[in-house]
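Bear in mind the structure is a predicted one, so any value in this text is a computation, not a measurement. Reminder, nothing fancy here: chain letters follow the sequence lines and each chain counts from 1.
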2 protein chains.
Amino acid sequence: MEPTKNLTELARELWREMAEMRNSLRQYVHVKIKENNWDISMELVEILGLIYKRSGLNQQEIADIIVKDKSSMTYLIDNLVKKGLAERTEDQRDRRNKLIYITEKGKLLMEELTPWVTEIYEKATRELLTDDILNALSVARKMNENLKQ
Amino acid sequence: MEPTKNLTELARELWREMAEMRNSLRQYVHVKIKENNWDISMELVEILGLIYKRSGLNQQEIADIIVKDKSSMTYLIDNLVKKGLAERTEDQRDRRNKLIYITEKGKLLMEELTPWVTEIYEKATRELLTDDILNALSVARKMNENLKQ
DNA sequence: TTAAAACTGTTTGAATTCAAACTATTATTT
DNA sequence: AAATAATAGTTTGAATTCAAACAGTTTTAA
């Protein structure tokens with residue numbers, strides 16, 4: 001299938017394929033959101049899904065988990081708060097932190113969203129083997145590690 | 001190592017790891033560019049590298065290869081042209097197309113850039129096996145395919 | 001041959017990302 | 001204890017991405 005290509009060539013292709021995945025997912029999510037007339041973006045769904053599962057994270061922790069820069073985080077959480085989907089609280093133990101909680105409204109929306117978020121990942125992994133994904137994961141981790149050194 | 005996690009969980013982690021890779025790469029490139037006082041962005045390097053190797057692609061083809069949307073492409077190529085690194089030509093055979101060529105100035109810059117672009121990919125793939133990357137690649141391709149259906 | 005559909009590139013305005021500088025708070029060193 | 005360094009969050013302006021609507025050109029179909 002794949003003729004003789006060196007590692008760097010393959011890395012480039014992997015890079016490309018990942019970018020394409022990002023786009024496919026965005027497009028897919030976009031259509032779903034439109035179909036259902038939800039007033040939310042893919043970026044906000046990502047955060048909402050996280051704070052739905054894990055209550056009281058601070059912004060930096062959220063940023064680390066979903067891999068965004070902290071100024072984007074300020075901006076995105078501002079939007080969640082404006083939409084009444086999340087709220088910020090001061091951390092009494094460390095007043096540098098803002099702890100983020102999902103609101104009732106946020107929970108309701110997320111409960112509506114959850115089925116098709118799951119569906120997306122199921123769709124993405126269709127006909128794939130656990131071991132292959134595990135392997136891909138370790139490749140990605142290793143490349144990450146390499147780049148950070 | 002990885003305990004019992006279902007496919008969708010793994011897919012999420014893969015997604016996360018890919019986002020992190022994207023950031024690591026950006027950061028790495030950013031430092032290099034600053035160190036060398038190059039007046040160019042990561043996005044423009046991506047395009048420049050492509051039109052250095054392949055002359056006379058149109059904008060849509062470039063967009064497809066580096067995975068960007070075509071309006072971003074107009075914007076980015078505008079910038080390349082402004083910097084004197086590329087030029088647009090009308091395609092006589094199909095007047096919808098604009099064919100993109102690298103300029104002499106662009107070539108010179110790209111020749112300076114090439115060594116460390118290669119270096120980045122070498123660094124990223126350090127200690128990785130061809131077969132593992134091939135596997136990761138096919139996972140990414142399959143997920144892409146799944147999402148597009 | 002004409003009408004419709006598909007394709008390329010541009011424009012627009014909004015959303016998001018990005019780097020950098022900044023404030024406030026906490027942790028570490030001296 | 002005071003000085004210093006590290007951390008969390010905000011702000012700023014610029015860069016990039018994004019979706020949508022559009023104009024011009026070519027291809028396809030009627």
Side-chain angles (χ1 to χ4, degrees), chain A residues 19-20 22-35 37-47 56-83 86-100, chain B residues 19-20 22-35 37-47 56-83 86-100:
Chain A
E20 203 166 324
R22 190 182 150 85
N23 276 9
S24 311
L25 186 60
R26 174 175 296 281
Q27 201 125 25
Y28 189 88
V29 170
H30 182 61
V31 170
K32 281 283 176 189
I33 287 176
K34 243 189 142 179
E35 271 175 13
N37 270 350
W38 285 317
D39 174 30
I40 196 167
S41 67
M42 171 166 148
E43 287 77 12
L44 295 188
V45 172
E46 236 182 318
I47 302 178
L57 293 170
N58 68 39
Q59 298 189 187
Q60 186 60 56
E61 287 168 332
I62 296 176
D64 289 341
I65 292 171
I66 69 174
V67 192
K68 303 255 182 204
D69 130 293
K70 63 182 178 176
S71 65
S72 300
M73 201 47 51
T74 298
Y75 166 76
L76 293 170
I77 289 183
D78 274 356
N79 284 349
L80 277 181
V81 171
K82 274 181 208 156
K83 288 178 191 296
E87 51 190 10
R88 274 191 252 248
T89 328
E90 266 216 353
D91 184 349
Q92 297 305 335
R93 282 182 272 181
D94 183 338
R95 289 173 46 230
R96 286 171 299 188
N97 301 341
K98 306 276 177 73
L99 306 184
I100 310 300
Chain B
E20 204 168 323
R22 190 182 150 85
N23 276 7
S24 311
L25 187 60
R26 174 175 294 281
Q27 201 125 25
Y28 189 88
V29 171
H30 182 61
V31 169
K32 281 282 178 190
I33 287 177
K34 245 190 139 179
E35 271 175 12
N37 271 348
W38 284 317
D39 175 31
I40 196 166
S41 66
M42 172 164 147
E43 288 76 13
L44 296 188
V45 172
E46 236 181 319
I47 303 178
L57 294 169
N58 70 38
Q59 298 190 184
Q60 186 60 56
E61 288 168 332
I62 295 175
D64 289 341
I65 293 171
I66 68 174
V67 191
K68 304 256 181 203
D69 130 293
K70 64 180 176 178
S71 65
S72 299
M73 201 47 50
T74 298
Y75 166 75
L76 292 171
I77 289 183
D78 274 355
N79 284 347
L80 277 182
V81 171
K82 275 180 208 156
K83 289 179 191 294
E87 51 190 10
R88 276 190 251 247
T89 328
E90 267 215 352
D91 184 350
Q92 297 304 336
R93 282 182 272 181
D94 184 339
R95 287 173 49 231
R96 288 172 297 187
N97 301 342
K98 306 274 176 74
L99 306 183
I100 310 300

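Where A:Asp69 and A:Leu44 each meet DNA chain C at their nearest nucleotide, the meeting point lying more 5' is that of A:Leu44. Comparing A:Ser41 and A:Gln92 by the nucleotide of DNA chain C that holds the closest heavy atom to each, the one mapping nearer the 5' end is A:Ser41.
Rounded to whole Å, the distance from CG on A:Leu80 to P on D:dG9 is 15 Å. With rounding to whole Å, B:Met42 atom CE is found 9 Å from D:dT17 atom P. Rounded to whole Å, atom P of D:dT16 lies 15 Å from atom CZ of A:Arg22. D:dG9 atom C1' lies 13 Å from atom CG of A:Asp64, rounded to whole Å. Here C:dT16 presents its P atom at 10 Å from NZ of A:Lys82, a figure rounded to the nearest Å. Protein atom CD of A:Glu46 is 13 Å distant from nucleotide atom C1' of C:dT17, rounded to whole Å.
Contact annotation for A:Asp91: no contact, since no heavy-atom pair falls under 4.0 Å across all strands.
Annotation: the span from A:Gln60 atom CD to A:Arg96 atom CZ amounts to 11.0 Å, rounded to 0.5 Å. The OH atom of B:Tyr28 sits 12.0 Å away from the CD1 atom of B:Ile33 when rounded to the nearest 0.5 Å.
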Practice item. Evaluate the side chain to side chain contact (heavy atoms under 4.5 Å, CB included) criterion for residues B:Glu43 and B:Ile47: first the C-alpha distance (whole Å), next the side-chain angles of each, then the deciding distance (0.1 Å), finally the verdict. Key: CA-CA 7 Å; B:Glu43 288 76 13; B:Ile47 303 178; 5.9 Å; no

Point to revise | CA sep, side-chain torsions, deciding dist, call: A:Asp94, A:Asn58, side chain to side chain contact (heavy atoms under 4.5 Å, CB included) | key: CA-CA 11 Å; A:Asp94 183 338; A:Asn58 68 39; over 6 Å; no

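Within 6.0 Å of CD in A:Glu90 there are more than 12 heavy atoms belonging to other residues, nucleotides or ligands.
Side chains of A:Leu76 and A:Ile62 form no contact here, defined as non-hydrogen atoms less than 4.5 Å apart. Side-chain contact between B:Met73 and B:Ile66 is present, with at least one heavy-atom pair separated by less than 4.5 Å. A 4.5 Å side-chain heavy-atom check between B:Ile65 and B:Leu57 finds at least one atom pair inside the cut-off. Side chains of B:Val67 and A:Arg22 form no contact here, defined as non-hydrogen atoms less than 4.5 Å apart.
The two residues B:Thr74 and B:Gln59 come nearest to each other via the heavy atoms OG1-NE2, 3.7 Å.
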**Study point:** nucleotides 1-12 of chain C: protein proximity per nucleotide (B base, S sugar-phosphate only, - neither; heavy atom, under 4.0 Å)
**Key:** -----BBBBBB-

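Listed by chain and number, the residues in a side chain to side chain contact (heavy atoms under 4.5 Å, CB included) with B:Val45 are B:Ile40, B:Leu113, B:Val117 (sequence neighbours excluded).
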Enumerate the protein-to-nucleotides 2-4 of chain D contacts in which both atoms are nitrogen or oxygen and the separation is below 3.5 Å.
none

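Panel note: side chain A:Asn97, backbone A:Leu99; no donor-acceptor pair is recorded below 3.5 Å.
Terminal axes of the helix from C:dT1-D:dA30 to C:dT30-D:dA1 (five pairs each, C1' rotation axis) are separated by 30°, to the nearest 10°.
Proximity of residues 23-35 of chain B to DNA chain C (heavy atom under 4.0 angstrom from any strand atom) is restricted to B:Arg26, B:His30, B:Lys34.
Sorted by first and then second residue, the salt bridge (Lys or Arg N to Asp or Glu O under 4.0 Å) pairs with a member in residues 61-82 of chain B read B:Asp78-B:Arg88; sequence neighbours excluded.
Ion pair B:Lys98/B:Glu87 not flagged as a salt bridge, since none of the NZ, NE, NH1 or NH2 atoms sits closer than 4.0 Å to an Asp/Glu carboxylate oxygen.
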